[in-house]
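Reading through the structure tokens given below for one structure.
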Amino acid sequence: MSIYYIYQDQKRCIGCYACEVHCKTKNCLAIGPRFCRIIQVGPKHVRGIPRLNFVFMPCFHCEKPWCVSACPTGAMQKRAKDGIVFIDSSLCVGCKSCITACPWGVPQWDRNSGKAVKCDYCKDRIDKGLKPACVTKCTAHALRWMSAEEASELKRQQYAQELAKEPA
Amino acid sequence: MVSLKIDGKDVRAAEGATVLEAALQEGIHIPTLCYHKAPGPQGLCRLCIVEAEGPGLRRTILPSCNLTALEGLKIDTASPLIQSIRKTIVELLMANTPASESLLSIAKSLGVESSRFTSVQKDPCILCGLCVKVCRNSIGAAALSLADGGSGSRVVASRVVIDAEACIGCGTCANICPVQAIRIEDSQTDRNIILYGQVVNKMELVKCEQCGQAHATQKFISSVLSRLTPEQKTAFRNLCPECSRVIHAESLTGQIPPDSHCGNYG
């Protein structure tokens, strides 16, 4: 896994899609490919109350990425220094193996270039000490850029708090 | 690193890089149709010719995709001689082929409006062999080959032929063809591979187990699976990319404790 993590606080997310818009703008994406996605789930009834969830889905930058294994040309790579999974587009022949292999449907098809494209955590911005476009422009501050360690710590704390909150 | 001069500009290139790559990296445009970095250079379309001169090399015309960037090389990518030869190459390609978009755009950039030559072939294929090379070297299927070449032949090749049994129906050939001579047409159930206007292979498409949309051929899925590790294979599901995302998002919301509050924002 990459040393970074984008944490989404679903309580704060209002489903405004600013993350998707700014991702597309920053990465100059035409109609079609979307690197990160807000997926609306629901409304579902939770304890009798209708609830709508917005799940933020960027690439997870897996430890052992399916897409990297599947790529026959070596275009799909994992950056050694921080584990970011990215595509060297000059090597991509557009076979779509990565798109078929990824269990989460992360790699996208760019019809204009005839190549696969994907979220690279805006690595050019990261290298300049900035945060990815989606995090930077999240209107509700629901997205947070953190290390993978911080993320697991945060999630554990949250879960503990939830357990302590006994139903009345 | 090696140092060379391209169009009078000092250029540093990585050891083993080609002149075409070195030029691209410096933003110097050299036209080409058959070059792709993944399967490697071929030197078949001849559009990327340059004039090269250097230690131990007298002034020669060579395709830059096949020419290694060596220390002290002097390269001219658009000298009057190169421009004139390149124009003739474009005219010859245009004579053989009803103009494809990419060829027309190169012709336009060189100021070529029509061809002085005529030929009987009326198919966009320029026999550059990129599809053959990608199918063999990158995809590993080796379903395409150039026919009627070899010793004793009076032509380099007459056409591209397909071995339908070896074809996995990935569509990379159609995607990579610089002149759109190969086409893929998908129906609700089948994938048709069209070469020289004829359906040369028809393969059944597998349906996404969630939405039922046809998305890939079984042979292609098997080829992708063959490159995955055993652990990765077990997580593989026959889903279209869109369904993969949505199903995962739903499973995530099912697991998240309800009403948890982060408390890190005031």
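A note on names: the letters A, B, ... follow the listed sequences, proteins ahead of strands, and every chain is numbered from 1.
Scanning residues 213-221 of chain B against chain A with a 4.5 Å heavy-atom cutoff picks out Phe220(B), Ile221(B), ordered by number. The stretch residues 21-33 of chain B places none of its residues near chain A, where near means some heavy atom under 4.5 Å from a heavy atom of that chain.
Between Ile75(B) and Val11(B) there is no side-chain heavy-atom pair separated by less than 4.5 Å. Within the 4.5 Å cutoff, side-chain heavy atoms of Pro63(B) are placed close to those of Arg46(B). Looking at Val132(B) and Arg136(B), their side chains come closer than 4.5 Å, going by heavy atoms from C-beta outward. The shortest distance between side-chain heavy atoms of Pro178(B) and Cys128(B) falls below 4.5 Å.
Rounding to the nearest 0.5 Å gives a distance of 12.5 Å between NZ of Lys123(A) and OG of Ser2(A). Rounding to the nearest 0.5 angstrom, the gap separating the OG atom in Ser97(A) from the CG atom in Leu225(B) is 10.5 Å. Taken to the nearest 0.5 Å, the CD atom of Gln10(A) stands 11.5 Å off from the CZ atom of Phe56(A). Here the CE atom belonging to Met57(A) is positioned 11.0 Å from the SG atom belonging to Cys36(A), to the nearest 0.5 angstrom.
Remark: Arg12(B) CZ is packed, more than 12 non-hydrogen atoms of other residues, nucleotides or ligands lying under 6.0 Å away.
Interface check for chain B: of the options Val68(A), Thr73(A), Val93(A), the most heavy-atom pairs under 4.5 Å are formed by Val93(A). With respect to chain A, the highest number of heavy-atom pairs below 4.5 Å among Val134(B), Thr172(B), Ile139(B) belongs to Thr172(B). The greatest number of non-hydrogen atom pairs below 4.5 Å with chain B, out of Cys92(A), Cys102(A), Pro107(A), Gly74(A), is found for Cys92(A). Note on His36(B), Gln232(B), Glu231(B): by heavy-atom pairs under 4.5 Å with chain A, the leading option is Gln232(B).
Contacts between Gln108(A) and chain B at a heavy-atom distance below 4.5 Å involve the side chain alone, from C-beta outward. In this structure, chain A has no heavy atom under 4.5 Å from any part of Leu239(B). Neither the backbone nor the side chain of Lys155(A) comes within contact range of chain B, judged by heavy atoms closer than 4.5 Å.
No donor-acceptor pair closer than 3.5 Å links the side chain of Lys26(A) to the backbone N or O of Cys134(A). The backbone N or O of Lys207(B) lies less than 3.5 Å from a partner atom in the side chain of Asn238(B), making a donor-acceptor pair.
Heavy-atom minimum distance, Leu52(A) versus Pro43(A): CD1-N, 3.4 Å.
Trp145(A) and Tyr121(A) have their aromatic ring centers within a separation under 6.0 angstrom.
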